[in-house]
Visitor: 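Sharing a structure with you now.
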Amino acid sequence: DCDPLGGGLDLAVGAEQVGGPRWSGLSLAGGRVPASALHAALPTARLGGRSLTVLSCDRDGPGPDAAAVRTICDAGRRAGDTVVCDVPRHPCEPGTAALETADLAVLVVPAEVRACAAAATVAARISRYGIALHLVVRGPAPGGITPSDVSRVLDLPVLAAMRSQRGLSGALDRGAVPGRSRGPLATAARQVMAALEGAVRPQGSAA
């Protein structure tokens with residue numbers, strides 16, 4: 001979670017009551033950190049039969065610095081883990097560090113005119129760092145905007161397009177991340193993971 005103004009990623013996965021440090025309680029003085037130590041210390045969300053280690057921002061504390069983000073991503077890569085970083089839209093050093101470390105950078109864009117305008121601003125900012133972006137276009141499209149339209153306007157390739165998943169917003173409000181293996185969200189996630197596997201470095205990956 002690289003967005004200190006995002007309300008905390010732990011809320012989205014139902015781990016807000018799980019003990020363990022958030023960014024403000026994590027001391028990374030430099031050097032290497034074993035991924036095993038992070039898995040043992042950080043909050044873990046249970047998603048069906050699987051677990052997800054979460055490093056969240058606090059609701060009232062500072063977010064990470066750029067060096068800490070690089071340390072976490074490097075730890076995951078060395079362990080062969082997949083590290084997913086939620087990067088804010090506004091420019092910040094931690095977000096840039098995550099993008100510079102990533103094997104795959106994905107911009108999720110709702111199929112709406114205003115969202116496309118906002119995405120164009122974000123994409124232009126990220127392009128200054130020489131980072132290649134791919135799109136995930138999310139429905140519904142009330143105005144009939146297609147994934148191809150979004151791709152053409154932003155001049156970026158579409159990695160996946162998904163229609164609206166019923167009940168997703170309510171599930172996230174309850175901290176119940178959908179664990180179904182079928183549906184639009186699962187299909188789009190598999191497409192993103194397949195692209196990541198194609199770009200992955202031998203030691204592990206970050207997205």
Visitor: Under 4.5 Å between side-chain heavy atoms, counting indirect links through other Ile/Leu/Val/Met/Phe/Trp/Tyr residues: same cluster for Val122 and Val153 or not?
Guide: yes
Visitor: Same hydrophobic cluster for Val106 and Ile131, using side-chain heavy-atom links shorter than 4.5 Å among ILVMFWY?
Guide: no
Visitor: Are the side chain of Ser151 and the backbone N or O of Pro147 linked by a donor-acceptor pair below 3.5 Å?
Guide: no
Visitor: Without swapping roles, check the side chain of Gln165 against the backbone of Leu185 for a donor-acceptor pair under 3.5 Å.
Guide: yes
Visitor: Will you find, in the side chains of Asp74 and Thr71, an N or O donor that is under 3.5 Å from an N or O acceptor?
Guide: no
Visitor: Is there a donor-acceptor contact under 3.5 Å from the side chain of Asp173 to the main chain of Gly170?
Guide: no
Visitor: Nearest 0.5 angstrom please: Ser24 OG to Leu26 CG, how far?
Guide: 9.0 Å
Visitor: Report the C-alpha separation of Met193 and Leu196 in whole Å, then their side-chain angles, then the decisive distance to 0.1 Å, and conclude whether the side-chain contact (heavy atoms from CB on, under 4.5 Å) test is met.
Guide: CA-CA 5 Å; Met193 291 303 297; Leu196 178 59; 4.2 Å; yes
Visitor: Is there a side-chain contact (heavy atoms from CB on, under 4.5 Å) between Tyr129 and Leu99 once you walk through the steps?
Guide: CA-CA 9 Å; Tyr129 299 96; Leu99 289 166; over 6 Å; no
Visitor: Indicate the atoms forming the closest heavy-atom contact of Ile145 with Ala111, along with that distance.
Guide: O-CB, 3.9 Å
Visitor: When hydrophobic residues are tied together by side-chain contacts of less than 4.5 Å, even through go-betweens, does Val18 share a cluster with Leu38?
Guide: no
Visitor: Dump the intermediate steps for side-chain contact (heavy atoms from CB on, under 4.5 Å) on Val192 and Leu104, then the final yes or no.
Guide: CA-CA 9 Å; Val192 171; Leu104 180 67; 4.1 Å; yes
Visitor: How long is the gap from CZ on Arg78 to SG on Cys73, to the nearest 0.5 Å?
Guide: 11.0 Å
Visitor: So, does Asp1 use its side chain to make a donor-acceptor pair with the main chain of Asp3 at under 3.5 Å?
Guide: yes
Visitor: Looking at Cys85 and Cys2, what are the two nearest heavy atoms and their distance?
Guide: CB-SG, 4.2 Å
Visitor: Can you tell me if Arg125 has over 12 outside heavy atoms packed within less than 6.0 Å of its CZ?
Guide: yes
Visitor: Verify, without hydrogens or angle tests, whether Arg166 (side chain) and Ser164 (backbone) share a donor-acceptor contact under 3.5 angstrom.
Guide: no
Visitor: What's the spacing between Leu5 CG and Arg89 CZ if we round to 0.5 Å?
Guide: 11.5 Å
Visitor: Only one of Ser56, Pro43, Cys57 forms a side chain to side chain contact (heavy atoms under 4.5 Å, CB included) with Asp10, so which one is it?
Guide: Ser56
Visitor: Going by an N to O cut-off under 4.0 Å, is there a salt bridge joining Arg70 and Glu100?
Guide: yes
Visitor: Looking only at heavy atoms, which two atoms of Ala68 and Trp23 are closest? And how far apart?
Guide: CB-CZ3, 3.6 Å
Visitor: Taking the side chain as C-beta and beyond, is there a heavy-atom pair between Leu42 and Pro21 under 4.5 Å?
Guide: yes
Visitor: What are the two closest non-hydrogen atoms of Leu154 and Cys116, and how far apart are they?
Guide: CD2-O, 3.6 Å
Visitor: Quick one: closest heavy-atom pair of Glu112 and Pro142, and the distance?
Guide: CG-CD, 4.4 Å
Visitor: Keeping the roles fixed (side chain from Arg59, backbone from Gly7), state whether a donor-acceptor pair exists under 3.5 Å.
Guide: yes
Visitor: Got a second to check how far Gln191's CD is from Leu159's CG, nearest 0.5 Å?
Guide: 7.0 Å
Visitor: Any side-chain heavy-atom pair from Val87 and Ile126 closer than 4.5 angstrom?
Guide: no
Visitor: When clusters are formed by joining ILVMFWY residues with side-chain heavy atoms under 4.5 Å apart, either directly or through shared neighbours, do Val150 and Val158 land in the same one?
Guide: yes
Visitor: Might you point out which heavy atoms bring Ala123 and Leu133 nearest each other, and give the distance in Å?
Guide: CA-CD1, 3.9 Å
Visitor: Going from CG on Leu168 to CZ on Arg138, what distance comes out if it is rounded to the nearest 0.5 angstrom?
Guide: 8.0 Å
Visitor: Check whether any side-chain heavy atom of Leu55 sits under 4.5 Å from a side-chain heavy atom of Ile72, and report yes or no.
Guide: yes
Visitor: Give the C-alpha distance, both sets of side-chain angles, the deciding distance and a yes or no for side-chain contact (heavy atoms from CB on, under 4.5 Å) between Thr44 and His39.
Guide: CA-CA 8 Å; Thr44 297; His39 285 297; over 6 Å; no
